Amino acid sequence: MTDDSNRTTDEETATSRRNLFAGALGTAVVAGAMLGAGKAEARVDSSKSKLQEVLSRGVLRVGTGSTNPPWHFEDDSGKLVGMDIDMARLIAKSLFDDETKVEFVIQGSDARIPSLITDKVDVICQWMTVTAGRAQQVDFTVPYYREGVGVLVMADNSKYKKFDDLLKAGNGITVGAMQNVFIEDWIHKGLPEAKVDQFESPDATLQALNAGRVDAYLGDQSAIRWLMNQFPGRYADSGYGWLPNSYASAVRPGDPIWLNWVNTVYKEAMMGVDFDTMKASYKKWFGIDLPTPKVGFPTEFQ
Amino acid sequence: MSYNFNFSVIWRQFDVILEALALGLVLAAISLVVGTLIGLVCGYAFRTNSRVLKGLVWTYVEFIRNVPLLLLIFFCYFGLPAIGIRVFDKYESFVITLSVYAGAYLTEVFRAGLTSVPERYVEAARAIGLKPWQTQLYVVLPLTFRIVLPSLSNNFISLFKDTSLAAAIAIPELTFTARQINANTFRVMEAWLTASLLYLAVCYLIAIVLRRVEKRYSVIK
């Protein structure tokens with residue numbers, strides 16, 4: 001492996017001279033991101049980073065979806081909006097000082113890793129749960145939201161109103177959920193005996209709840225809050241939540257410069273100069289009021 | 001492409017994958033049998049003189065053949081409960097849909113099959129004193145089946161592939177299981193590759209077996 005990468009680096013040095021400016025800029029950025037294996041050749045070639053590629057392309061390609069409010073969905077005017085979309089726009093704004101310079105590549109959840117690996121997109125902003133298995137294939141950024149699951153039932157359902165009713169029903173109930181990592185284990189952590197039906201998308205799952213195909217809908221707390229807002233009086237929260245999991249963006253593995261740069265953007269949106277953007281997004285999509293980060297010692301390192 | 005294949009997640013769950021494959025075959029087989037019955041009845045209905053009957057069958061065949069199967073599945077699974085019909089579980093819903101779907105195609109097959117039984121056989125049957133129902137049961141039907149056998153086996157293969165759509169309504173067949181592995185491990189390439197190869201291998205095997213059966217029973221040797 002080492003031999004291979006050295007050879008590539010040599011070839012790349014020859015071609016990268018045409019962009020001396022980019023190289024110089026990149027070198028400045030990369031100063032701290034060397035993969036130093038003791039050899040100078042092993043240093044990351046900054047001009048080859050995705051960061052330079054995106055800057056010279058002038059537009060950011062983001063992999064996301066279009067069917068999952070409040071994360072990524074089309075509003076009434078058909079515009080793509082949501083928390084993930086806000087994160088993508090934040091990256092674009094930080095790159096080009098223009099949040100419209102984003103090309104959204106709409107894809108299903110199972111395309112998130114392949115589209116990175118085949119280099120169809122620069123970054124994934126698609127409610128991606130961080131897991132160790134996925135981290136073997138892509139590089140995750142710092143998380144921008146911590147999700148948990150909850151259970152939604154029909155408001156007019158007289159049999160199952162509260163979480164305890166569902167729990168008592170044992171294997172007499174079917175819980176619908178979107179196919180996702182660990183989903184069956186997750187449901188069984190809260191409702192150990194419940195039967196599980198898994199669907200391809202949240203809307204199919206919700207339709208199954210509407211049609212009475214499932215008795216309850218296991219979803220993210222963010223989605224449950226959103227649904228109850230959208231259809232007042234139709235659904236009810238059974239009132240119990242469990243299982244934290246982190247949502248982060250992901251980038252193609254092996255590019256520490258790009259990863260570090262996106263991380264910097266995210267961190268400063270959560271803790272630093274771009275906090276107002278983040279605060280507005282949280283309020284808009286989750287109804288959560290973020291407290292202003294404490295001035296003084298950076299609290300994230302306390 | 002910088003991708004490291006890792007098939008261990010596939011082998012670890014291979015029993016589940018094979019079960020899923022078997023489920024798909026069973027669903028297809030049941031639908032083929034029910035569909036054949038529907039096809040036969042409608043095929044005969046087409047040969048009557050009743051305009052109403054013909055019109056009904058024609059509407060059914062054209063409607064089913066011109067609506068995507070996935071929508072039919074959704075209609076049966078999501079739509080029927082919405083209008084108050086809540087008797088079928090997800091498996092029944094799917095088998096009913098696929099049978100009705102297969103029935104429409106097989107109606108055409110049997111119509112053609114019944115038509116291509118040479119008139120002289122029917123006349124010969126009548127000449128030796130067979131009653132009309134005996135003529136159908138002992139002469140026309142066996143011949144029809146031998147004539148339509150290639151179409152039946154093609155239909156079975158295509159029905160088996162159609163069972164992949166059952167994944168949309170949470171039926172754990174092969175496509176569902178592959179997607180499940182994707183979701184759990186994100187070994188997307190490995191999961192779809194395995195599913196594709198299994199579909200290919202099984203369909204090809206079915207084809208080989210059925211071609212031999214066809215050869216043995218075909219009318220024209």
Side-chain angles (χ1 to χ4, degrees), chain A residues 1 4-5 8 107-120 124 128-140 154 174-186 195-201 203-214 250 252-255, chain B residues 1-10 12-13 16 20 70-71 73-94 97 164-193 195:
Chain A
M1 283 308 279
D4 274 358
S5 57
T8 337
Q107 57 186 13
S109 284
D110 54 1
R112 289 178 295 193
I113 287 183
S115 67
L116 276 181
I117 286 167
T118 55
D119 204 20
K120 286 192 170 59
I124 297 290
M128 197 163 173
T129 299
V130 180
T131 71
R134 290 172 179 180
Q136 290 164 22
Q137 299 180 73
V138 295
D139 284 351
F140 281 109
M154 297 301 285
T174 307
V175 178
M178 195 186 83
Q179 249 180 352
N180 201 348
V181 64
F182 312 140
I183 198 74
E184 199 150 347
D185 301 339
W186 286 10
K195 288 199 281 281
V196 177
D197 268 2
Q198 299 181 44
F199 298 87
E200 201 173 1
S201 63
D203 45 297
T205 318
L206 192 67
Q207 198 48 49
L209 179 70
N210 286 336
R213 286 289 180 184
V214 297
R252 206 177 175 201
D255 191 340
Chain B
M1 204 176 75
S2 61
Y3 189 82
N4 300 313
F5 281 91
N6 177 0
F7 277 93
S8 64
V9 291
I10 305 289
R12 229 176 289 149
Q13 304 183 57
V16 181
L70 185 62
L71 293 187
I73 292 169
F74 280 161
F75 174 74
C76 196
Y77 184 78
F78 292 125
L80 289 187
I83 54 173
I85 303 170
R86 289 167 189 259
V87 279
F88 309 119
D89 69 14
K90 59 184 177 186
Y91 294 99
E92 290 159 357
S93 299
F94 182 75
T97 315
S164 61
L165 293 171
I169 56 170
I171 290 178
E173 48 67 64
L174 187 54
T175 301
F176 182 92
T177 309
R179 226 163 56 196
Q180 184 80 1
I181 294 172
N182 286 348
N184 286 342
T185 64
F186 258 66
R187 290 287 164 190
V188 179
M189 311 268 182
E190 289 88 337
W192 287 130
L193 211 59

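Throughout, a chain's letter reflects where its sequence line sits, starting with A, and its residues are numbered from 1. In this text the structure is predicted, and so the values were computed from the model without any measurement. No hydrogens, no waters, no symmetry mates; every other heavy atom, side chains included, goes into these values.
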Which residue out of Glu200(A), Arg134(A), Gln179(A) racks up the most heavy-atom pairs below 4.5 Å with chain B? Gln179(A)
Do Trp192(B) and Asn182(B) come within less than 4.5 Å of each other through their side chains, counting heavy atoms only? yes
What part of Arg86(B) lies closer than 4.5 angstrom to a heavy atom of chain A: side chain, backbone, both or neither? side chain
Between Ile10(B) and Ile181(B), is the side chain to side chain contact (heavy atoms under 4.5 Å, CB included) condition met? List the steps. CA-CA 8 Å; Ile10(B) 305 289; Ile181(B) 294 172; 4.3 Å; yes
Contact check, side chains of Gln107(A) and Ile124(A), non-hydrogen atoms, under 4.5 Å: yes
Phe176(B) versus chain A, the contacting section by heavy-atom distance below 4.5 Å: both
Which bit of Asp89(B) comes within less than 4.5 Å of chain A, counting heavy atoms only: side chain, backbone, both or neither? backbone
Determine the interplanar angle of the Phe5(B) and Phe7(B) rings, folded into 0 to 90°, and report it as parallel if under 30°, tilted if 30 to 60°, perpendicular if over 60°. parallel
Proximal component of Thr205(A), with respect to chain B [non-hydrogen, under 4.5 Å]: neither
Looking at Arg213(A) and Asp197(A), is there a salt bridge between them, counting it only when a charged N and a carboxylate O are closer than 4.0 Å? no
